[in-house]
Amino acid sequence: MKVSLASALGTCFGVKDAINMALEPQFKDDLTIVGQLVHNRQVNEALKKNGISLVKGTDQLDEVKTKKVMITAHGAAEKMKSQLTEAGFVVFDASCPLVMRVHSQIKSMVEKDYFPVVIGQEDHVEVKGIVGDLQEYIVVGDEQDFEKLRATGKRKLGIVSQTTQQVEKVENLVKKIRELDCVDEVAFVNTVCQPTRDRQVAVRELADQVDLMIVIGGYNSSNTKKLVAVCEEKHVEAHHIEESSQLDRQWFSGKQHVGITAGTSTPEWVINEVHTAILKIAQEMDSMERPVAAS
Ligand code: SF4
């Protein structure tokens with residue numbers, strides 16, 4: 001059984017920088033991260049071990065016991081940052097620059113009189129940050145949301161996307177929005193970030209070669225789920241796991257080539273652990289299938 005890693009996988013620079021910032025000695029035992037720094041359980045557990053506290057959002061500020069708070073790599077609205085400062089916290093910002101690019105793109109579209117539309121997942125922390133300072137907006141997750149768009153009566157739209165969306169899905173939705181009879185003009189900037197694109201291209205290429213794909217990442221990680229979706233589109237059996245203990249030997253039975261990929265919030269050590277476990281399974285399966293030499 002052959003085992004291959006996708007040519008681009010795992011933690012992106014935005015997540016690495018945010019984790020490194022949170023682990024700086026100045027924050028030990030004196031930092032609360034507002035929202036999950038990354039959508040990865042193992043990373044969040046490692047941060048907690050370093051004395052760093054986590055709260056889900058600004059609605060839990062009464063639980064914060066530290067002076068320093070950190071905005072996550074997913075970014076936040078200016079309104080939320082002011083709320084934290086006004087509450088007396090010292091705010092550190094680990095927002096990824098590529099998320100901040102989405103904030104500035106939508107802001108500049110609104111200034112040019114375009115009605116803001118975000119393609120993404122409405123309840124995702126990144127999307128909440130993107131729309132948090134806007135007076136009015138629409139989040140489009142799929143074609144069913146076109147009715148919401150129609151109901152606004154706005155004919156001049158400025159569209160951006162959540163950074164971790166699937167590129168083809170975003171482009172397809174924008175194409176369909178352009179075709180709507182209720183829309184006159186569309187300005188579109190595809191803000192799916194480069195590390196997300198690289199991982200989607202790499203999983204697509206690898207999916208053409210394998211008969212099983214193991215996708216590693218948090219169950220709540222948007223971009224990890226998109227990697228699974230790419231495999232499903234290609235009709236390749238894919239299993240989404242968070243750690244090596246979830247590997248099921250039965251998945252590997254009869255397989256010739258296994259691929260491994262991981263979302264942008266999956267740390268290298270988790271990927272290495274899963275890779276090693278799969279190599280072990282492959283070795284055991286190969287030795288079981290090898291014919292016994294005649295004596
Ligand atoms: S997935 Fe993209 S936008 Fe999000 S932290 Fe990583 S590089 Fe930044």
Side-chain angles (χ1 to χ4, degrees), residues 6-24 33-44 46-47 52 54 57 70-78 80-81 92-107 118-133 139 141 159-171 188-204 215-230 240 242 261-271:
S7 58
L9 80 171
T11 326
C12 59
F13 77 89
V15 166
K16 271 188 198 153
D17 288 355
I19 296 169
N20 289 341
M21 185 173 170
L23 291 174
E24 280 173 19
I33 295 171
V34 184
Q36 277 195 326
L37 176 57
V38 292
H39 285 145
N40 187 277
R41 184 175 51 78
Q42 292 102 320
V43 172
N44 287 326
L47 291 167
I52 293 165
L54 309 170
M70 186 177 278
I71 303 292
T72 75
H74 297 296
E78 287 305 319
M80 176 176 153
K81 293 180 197 171
F92 293 84
D93 195 347
S95 302
C96 173
L98 299 184
V99 173
M100 296 323 290
R101 178 175 163 252
V102 189
H103 286 230
S104 59
Q105 290 286 357
I106 199 102
K107 196 169 164 230
V118 181
I119 295 184
Q121 193 187 326
E122 187 145 29
D123 59 354
H124 192 281
V125 61
E126 181 191 321
V127 174
K128 286 185 182 167
I130 295 168
V131 301
D133 293 322
V139 178
I159 308 178
V160 294
S161 53
Q162 185 181 344
T163 56
T164 49
Q165 288 289 295
Q166 202 179 328
V167 178
E168 292 76 14
K169 179 191 156 189
V170 172
E171 286 170 353
F188 167 53
V189 182
N190 194 332
T191 45
V192 173
C193 73
Q194 195 58 46
T196 295
R197 287 168 189 263
D198 292 344
R199 278 146 191 77
Q200 287 175 12
V201 169
V203 76
R204 207 170 277 281
V215 184
I216 318 160
Y219 288 137
N220 54 353
S221 157
S222 164
N223 75 86
T224 306
K225 288 187 217 164
K226 302 292 179 304
L227 296 176
V228 178
V230 170
H240 181 173
E242 288 191 334
T261 186
T264 53
S265 48
T266 311
E268 206 176 325
W269 59 269
V270 176
I271 299 170

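Note that this is a predicted model, so its numbers are computed, not measured. Hydrogens, waters and symmetry mates are skipped; everything else that's a heavy atom, side chains included, is used. Atoms within each ligand, like the ligands themselves, are counted from 1 in listed order.
Which parts of ligand 1 touch Pro195 is read off a 4.0 Å heavy-atom cut-off, strictly below it: atoms 7 (S). For ligand 1, the atoms sitting less than 4.0 Å from at least one non-hydrogen atom of Val99 are 3 (S), numbered in the order shown with element in parentheses. Close approach of ligand 1 to Cys12 (heavy-atom distance below 4.0 Å) involves ligand atoms 1 (S), 5 (S), 6 (Fe), 7 (S). For ligand 1, the atoms lying closer than 4.0 Å to a non-hydrogen atom of Cys96 are 3 (S), 5 (S), 7 (S), 8 (Fe). The Thr163 neighbourhood of ligand 1 comprises atoms 3 (S), 4 (Fe), with distances under 4.0 Å to a heavy atom of that residue. Atoms of ligand 1 lying under 4.0 Å from at least one heavy atom of Cys193, given by number and element, are 1 (S), 2 (Fe), 3 (S), 7 (S).
Checked by atom type and distance alone, the side chain of His103 never pairs as donor or acceptor with a backbone atom of Ala77 at under 3.5 Å. Between the side chain of Glu242 and the main chain of Tyr219, a donor-acceptor pair closer than 3.5 Å is present. Without hydrogens or angle criteria, Thr11 side chain to Thr266 main chain gives a donor-acceptor distance under 3.5 Å.
Using modelled atom types, one finds a donor on one side chain and an acceptor on the other under 3.5 Å when comparing Thr163 with Glu126.
A heavy-atom distance below 4.5 Å is not found between the side chains of Lys226 and Thr164.
Looking at Glu78 and Lys107, no side-chain N of the basic residue comes within less than 4.0 Å of a carboxylate O on the acidic one, giving no salt bridge.
Taking a 4.0 Å cut-off on heavy atoms, Asn223 fails to register as neighbouring ligand 1.
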